[in-house]
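Read through the structure below, which is laid out as structure tokens, and then see the notes.
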Amino acid sequence: MKNQQVAEILEKMADLLEFKGEMPFKIAAYRKASRTINDLTEDIEKIWQEGRLAEIPGVGKSLQGKIDQFLAEGKIRQLDELLEQVPRDIFELLSIQNFGPKSVALAYKKLGVETLDDLEKVLDDGSLATLPGMGAKKVENIRKGLELRKTAGSRISIGIALPIVEKVISYIKEKAGSKIGRISPAGSVRRSRETVHDIDILAETDHGGEVIEIFTHMPRVTQVLGAGDTKGSVVLDDRFQVDLRAVKSESYGAAQQYFTGSKDHNVHLREIAKKNGYKINEYGIYKGEDKIGGEDEKDIYRLLKMSWIPPELRENRGEIEAALENALPELVTVQDIKSDLHIHSTFSDGQLTVEEMAEQVRSMGYSFMAFCDHSKYAVYANGLDEKRLLQEILEIRQLNEKYDDFVVLTGSEVDILPDGSLDFSDEILAQLDFVVASIHSAFKTDPTMRTLAAMENKYVDVIAHPTGRLISRREGFSPDMDKVIEKAAQTGTALEVNSYWDRLDLSDIHVKKAVEHGVKISINTDSHNPHHLSMMALGVGNARRGWAKKSDVINAMTLDELRAWQKRSNEK
DNA sequence: GCCGTTTTCGGCCCGACTGTTTTCAGTCG
């Protein structure tokens, strides 16, 4: 899949054109096409080979030509030409807050600023401040932007962001008391994106200035980027940017809609509003001069004659069209989840014994679970050989006698070996209630073939963390997901959404593609200690972003339904 | 650069904030 590469290249071209001062709408066209291609569930190379590039919304004659060039020759001539006319570190420079394309161009032209080091120099020696339009404050803001980039450059994982959101909200609630009403996350946190750039929080209040004051004086604030009556912006621990917006009750819903985004979703929504004689902004929805809604977010969608759209879907990936036809999927919810089917114990590398961990899982309110400890090939994870696996089975059977409201399934996270075979024989696997299979080694040794081979086994219920990515650390082993999904559909194997914050594997796009092909999803926490169990919400958020319905998710099944679904049940 | 049940040309979402401005450009979300 070269979708991401094509998207990145178009985004880069947009940056370069912006630097060169091209028409804003032209630049927007590149960015829009970039995002559309990044979000496609179909392989762009396949679309290209079949001559269907023109079918991609936002891709016209000119962009078709460029994409064609990239896929045929591996590069775009115009991009190479553009790169010769700009500062060496153009993309890094443009990523600095308060240092936009006009300022970068000015610094480049007048002072020869090509790199981040160059920028630091002209900040320090005062030469940047001598340029036209560069006053002391502006220069200072650029310096702040540069510093922020050093410490807070990369995106924040959702699993890191959510606890911060909770802490900030409870702090403000405590200090502001009755001065605030509703308060909630907005932005990409509310949309449950796997990583976020900054953290947006919205508060309902008539005392904006005071609430912002409380916010900017929180503990752990290391920098105040801005503070007014409606907006405050701070950096926590030199790392996390958090924005708080304070709005009045009558606009809370409109502000929630507006600040939740995504930008593309909002743009499309406002286009539709405009066509129908409405106007939407962060204060409300208007018909002519009259404000006709905005206190509740649902007002806006209702007045535009569409269903309310869950935040996780708001990426302009077809959700608005679906909402207009009242055809949005009924997304899986945390309440639908009846089991966690990938849990570790001290038999392999978990921190609690089978009994202790089972108690913790039971306290989550589920009706059943499966222990899937590592198999012997995973030596580093204290993987079980056949003998110890049989011990674990025995221990779980004894444990089950204690419960009448909870069932513990025996299972394994069996390694898919470099040759595509499994780490346990069928005779062993047949004794287990549930099997997840996964790759933990030799990432470069044909991961696609190995995954496909594993799915052919009738005892393999789920492929765990199918791409092996770690969001903050590595890309994963990039199996051909088209083939994996096809085989999963054909064999009736489920694909996992691993809920651990650094995995979230499958990604949202892959989930969407899988459910489009009728593949079942298994949302598991892969918990190694009780703290991991609450990450189920992240996995469910990711599945929702992939348009997964309750009926797509095997963890929403009852135990009887799960047993009926398993491949081994269908063999006579 | 894209797009069209008003248009093949002339539109393209909307607003806030900041700073350096004498009426507005740049940046951001």
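Computed from a predicted structure; not experimentally measured.
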### Query
Can you name the residues that form a ring pair (Phe, Tyr, Trp, His ring centres under 6.0 Å) with A/Tyr278, not counting sequence neighbours?
none
### Task
Could you run through nucleotides 16-23 of chain B and give me one letter per nucleotide, 5' to 3': B if any protein heavy atom sits under 4.0 Å from the base, S if only the sugar-phosphate is that close, - if neither?
SS-SS---
### Query
Nearest-Å distance, OH (A/Tyr286) to C1' (B/dG15)?
11 Å
### Query
So what does A/Ile96 touch, heavy atoms closer than 4.0 Å: a base, only the sugar-phosphate, or nothing?
sugar-phosphate
### Message
Treating A/Thr36 as the side-chain partner and A/Lys32 as the backbone partner, does any N or O pair qualify as donor plus acceptor under 3.5 Å?
### Response
yes
### Message
By nearest heavy atom, map A/Lys279 and A/Phe259 onto DNA chain B; which one lands nearer the 5' end?
### Response
A/Lys279
### Task
Classify the nucleic acid contact of A/Ile27 as base, sugar-phosphate or nothing, counting any heavy atom under 4.0 Å across all strands shown.
nothing
### Query
When all nucleic acid strands are considered with a 4.0 Å heavy-atom cut-off, which category describes A/Lys263: base, sugar-phosphate, or nothing?
base
### Message
Any base atoms under 4.0 Å from A/Pro101, or only sugar-phosphate, or nothing? Heavy atoms, all strands.
### Response
sugar-phosphate
### Query
Hey, does the side chain of A/Asn281 come within less than 4.0 Å of B/dG15's phosphate (OP1/OP2), counting only N and O?
yes
### Query
Within this structure, what is the CG-to-C1' distance between A/Leu225 and B/dT27, rounded to whole angstrom?
14 Å
### Message
Any base atoms under 4.0 Å from A/Lys32, or only sugar-phosphate, or nothing? Heavy atoms, all strands.
### Response
nothing
### Message
Between A/Lys274 and B/dC12, is there a contact of a side-chain N or O with OP1 or OP2 at under 4.0 Å?
### Response
yes
### Message
Heavy-atom count check: over 12 atoms from other residues, nucleotides or ligands less than 6.0 Å from A/Gln4 CD?
### Response
no
### Message
What I want to check is whether the side chains of A/His265 and A/Glu319 have a donor and an acceptor closer together than 3.5 Å.
### Response
yes
### Query
With a 4.0 Å cut-off on heavy atoms, is A/Gln97 in touch with a base, just the backbone sugar-phosphate, or nothing at all?
sugar-phosphate
### Task
Give a yes/no answer on whether the side chain of A/Lys275 brings an N or O atom under 4.0 Å of OP1 or OP2 in B/dT6.
no
#### Entry: No-hydrogen, no-angle side-chain donor-acceptor test under 3.5 Å, A/Ser127 and A/Asp125
yes
